[in-house]
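Treat the numbers as computed from the prediction; the structure is a model and nothing was measured. We use all heavy atoms of the structure for the numbers below, so side chains are in, but hydrogens, waters and symmetry mates are not. Letters go in sequence order (proteins before strands), and every chain restarts at 1.
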There are 2 protein chains.
Amino acid sequence: MELDAKSNHILDAALPVFVRHGFRKASMADIARAANISRASLYLSFGSKEELFRAGSTRAHARTMRQVEAALGGNGDVFSRIESAIAAFHHGLIAPFASSSDAVELFEVNMALAKDITLVARATLVDLLAQALADAEAARVVALDRVNSKPVDIANVVVAAMDGIKHAPGDEAKLQAAMQLFMRLLRAAIS
Amino acid sequence: MELDAKSNHILDAALPVFVRHGFRKASMADIARAANISRASLYLSFGSKEELFRAGSTRAHARTMRQVEAALGGNGDVFSRIESAIAAFHHGLIAPFASSSDAVELFEVNMALAKDITLVARATLVDLLAQALADAEAARVVALDRVNSKPVDIANVVVAAMDGIKHAPGDEAKLQAAMQLFMRLLRAAIS
DNA sequence: ATACAAATGGACGATTAGTGTCTAATCGTC
DNA sequence: GACGATTAGACACTAATCGTCCATTTGTAT
């Protein structure tokens with residue numbers, strides 16, 4: 001699933017159109033105009049509006065998971081690396097749409113058109129977090145037996161917390177603060 | 001042309017919908033939803049989308065002209081009062097739409113549906129400015145003969161400058177700075 | 001409880017906008 | 001000029017929106 005330069009250019013242009021108008025009200029004409037190409041040649045790159053959206057979701061997920069892996073492979077202790085990974089996930093797949101007044105529709109459409117990719121990415125995130133925690137446990141950096149759980153359990157809770165926090169009311173700053181508080185709790189619990 | 005509470009409520013709700021989607025893509029269903037009423041009862045207040053838009057434009061112009069008159073009747077010298085009046089005009093009738101990506105469409109639709117109101121307001125603005133300048137001249141505060149012109153000429157130039165400056169590229173701050181510079185020029189020229 | 005007005009959901013035909021497809025014409029590059 | 005890429009424009013089809021209508025519900029006053 002590699003994209004040529006033109007397709008990438010189109011997806012770059014399409015994102016803000018979807019963010020502004022939502023899926024239903026974003027027309028192929030709008031997207032073509034934003035990409036400075038004709039509607040005809042838009043259909044040369046993507047066979048349908050749904051295919052285009054799916055390609056955008058796929059690209060965003062691929063990019064984001066690369067960022068997540070980089071964050072987990074970076075410097076710092078397990079907790080700060082996990083925090084960075086969560087931040088990368090949020091920044092790549094949630095924040096861009098949070099500002100949209102059609103965010104709900106966009107997430108629904110995404111689940112309708114790219115459910116597989118979305119769920120795989122979510123599962124991969126959990127796996128990666130679990131792996132990082134398992135490594136830390138092996139290195140005696142964390143003690144998961146203190147909470148009587150396995151790495152994958154903790155990973156699931158972390159992701160679920162991120163999910164819950166993102167749905168809670170409040171602006172971007174409050175959200176980040178809540179996530180950091182959660183990470184401090186985690187650190188205190190299993191360090 | 002008095003509006004009841006419900007109509008005012010609807011127009012309040014409709015404005016951000018028009019700003020976000022433009023006229024064409026803003027549906028009556030969108031507006032009804034924003035106003036928390038049914039589409040059916042939206043049509044009880046306004047017979048059509050065009051009538052609703054026109055009512056909104058009319059209300060905005062009426063409110064703004066009241067602000068303009070208040071500014072010209074306020075404290076300070078002629079120049080600062082004129083500056084306030086221009087700012088009120090801009091704040092009431094231009095700034096709310098400047099942020100919209102469909103600003104061009106909205107201004108076009110406004111000229112199609114509420115041209116009369118818009119042109120009368122513009123003419124009234126010129127008249128009010130000319131009146132203020134004439135008063136200042138009578139009080140020997142300004143000397144229009146220095147530029148060999150009549151109050152109405154100056155007023156027209158001020159409004160035209162505002163128009164031109166608003167169409168120039170740059171953000172809100174640059175625009176305000178440009179207008180203030182223009183006012184300093186005027187002050188220097190006819191004080 | 002009854003009467004009345006206001007508001008609603010739902011359906012309607014008519015109209016418009018959008019989708020996806022196709023072709024002939026144009027553009028840019030070799 | 002030849003070539004592939006891109007385009008405008010038209011096409012049939014579908015979906016969305018408009019403006020209208022009415023039966024029903026909701027709220028309020030009596």
Side-chain angles (χ1 to χ4, degrees), chain A residues 2-58 100-102 104-106 108-114, chain B residues 2-58 100-106 108-110 112-114:
Chain A
E2 274 301 303
L3 293 175
D4 56 13
K6 175 170 279 282
S7 296
N8 273 305
H9 167 68
I10 291 171
L11 293 183
D12 290 341
L15 177 58
V17 177
F18 282 130
V19 167
R20 189 176 303 273
H21 299 298
F23 181 80
R24 196 176 54 87
K25 285 204 175 189
S27 72
M28 292 297 263
D30 290 334
I31 295 169
R33 199 177 313 120
N36 284 311
I37 60 175
S38 69
R39 209 167 60 88
S41 90
L42 175 55
Y43 275 97
L44 293 180
S45 290
F46 298 99
S48 73
K49 188 171 158 185
E50 300 194 350
E51 183 184 322
L52 187 155
F53 185 93
R54 194 170 203 281
S57 181
T58 302
S100 172
S101 59
D102 301 288
V104 174
E105 185 212 10
L106 288 170
E108 280 174 0
V109 169
N110 180 67
M111 284 310 272
L113 301 181
Chain B
E2 273 302 304
L3 292 175
D4 55 13
K6 175 171 278 280
S7 296
N8 274 307
H9 167 68
I10 291 171
L11 294 182
D12 289 339
L15 176 57
V17 177
F18 282 131
V19 167
R20 188 176 302 274
H21 297 299
F23 181 80
R24 197 177 52 86
K25 285 203 175 189
S27 70
M28 292 297 264
D30 290 333
I31 294 169
R33 199 177 313 121
N36 285 311
I37 61 173
S38 69
R39 207 167 62 87
S41 91
L42 175 55
Y43 276 97
L44 293 180
S45 291
F46 299 99
S48 73
K49 189 171 158 185
E50 300 195 349
E51 183 183 323
L52 188 155
F53 186 94
R54 193 169 205 280
S57 181
T58 302
S100 172
S101 59
D102 300 287
V104 174
E105 184 213 10
L106 288 170
E108 280 174 0
V109 169
N110 180 68
L113 301 182

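Closest to the side chain of A/S27, from the set C/dG20, C/dG18, C/dT8, is C/dG18. The A/K49 side chain lies nearest to C/dG20 when the options are C/dT8, C/dA11, C/dG20. Considering only the side chain of A/R39, C/dT19 comes nearest among C/dC22, C/dA11, C/dT19.
C/dA6 atom C1' lies 15 Å from atom NE2 of B/H9, rounded to whole Å. With rounding to whole Å, B/D4 atom CG is found 11 Å from C/dA6 atom P. Across the protein-nucleic acid pair, A/L42 atom CG and C/dT19 atom P stand 10 Å apart, rounded to whole Å. As rounded to whole Å, 13 Å separates atom P of C/dC22 from atom OH of A/Y43. Following rounding to the nearest Å, B/F23 (CZ) and C/dA17 (P) show an atom-to-atom distance of 11 Å. Atoms CD1 (B/I37) and P (C/dA7) sit 8 Å apart, rounded to a whole Å. Rounded to an integer number of Å, the gap from CG of B/N36 to P of C/dA6 is 20 Å.
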Under the criterion side chain to side chain contact (heavy atoms under 4.5 Å, CB included), I'd like the reasoning laid out for A/F23 against A/E108: C-alpha separation, chi angles, the key distance, then a yes or no.
CA-CA 10 Å; A/F23 181 80; A/E108 280 174 0; over 6 Å; no
B/L52 vs B/L42, test: side chain to side chain contact (heavy atoms under 4.5 Å, CB included). Steps then yes/no.
CA-CA 9 Å; B/L52 188 155; B/L42 175 55; 3.7 Å; yes
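The closest donor-acceptor contact from the side chain of A/K25 to the backbone of B/K25 lies under 3.5 Å. Although no hydrogens or angles enter the test, the distance criterion places a donor-acceptor pair under 3.5 Å between the side chain of B/R54 and the main chain of B/L113.
Under the Watson-Crick or G-U wobble criterion, with both distances below 3.5 Å, C/dC30 is paired with D/dG1.
The two atoms that bring B/A13 and B/V17 nearest to each other are O-CG2, 3.4 Å, heavy atoms only. In terms of heavy atoms, A/L106 sits closest to A/S100 at CD1-OG, 3.9 Å.
Nucleotides of DNA chain D lying under 4.0 Å from heavy atoms of chain A occupy a range whose first and last members, 5' to 3', are D/dT6 to D/dT17.
In this structure, B/F53 and B/F18 have perpendicular ring planes: the angle between them is above 60°, well past the 30° mark.
For the pair B/S41 and C/dT8, the criterion of a side-chain N or O lying under 4.0 Å from OP1 or OP2 is met.
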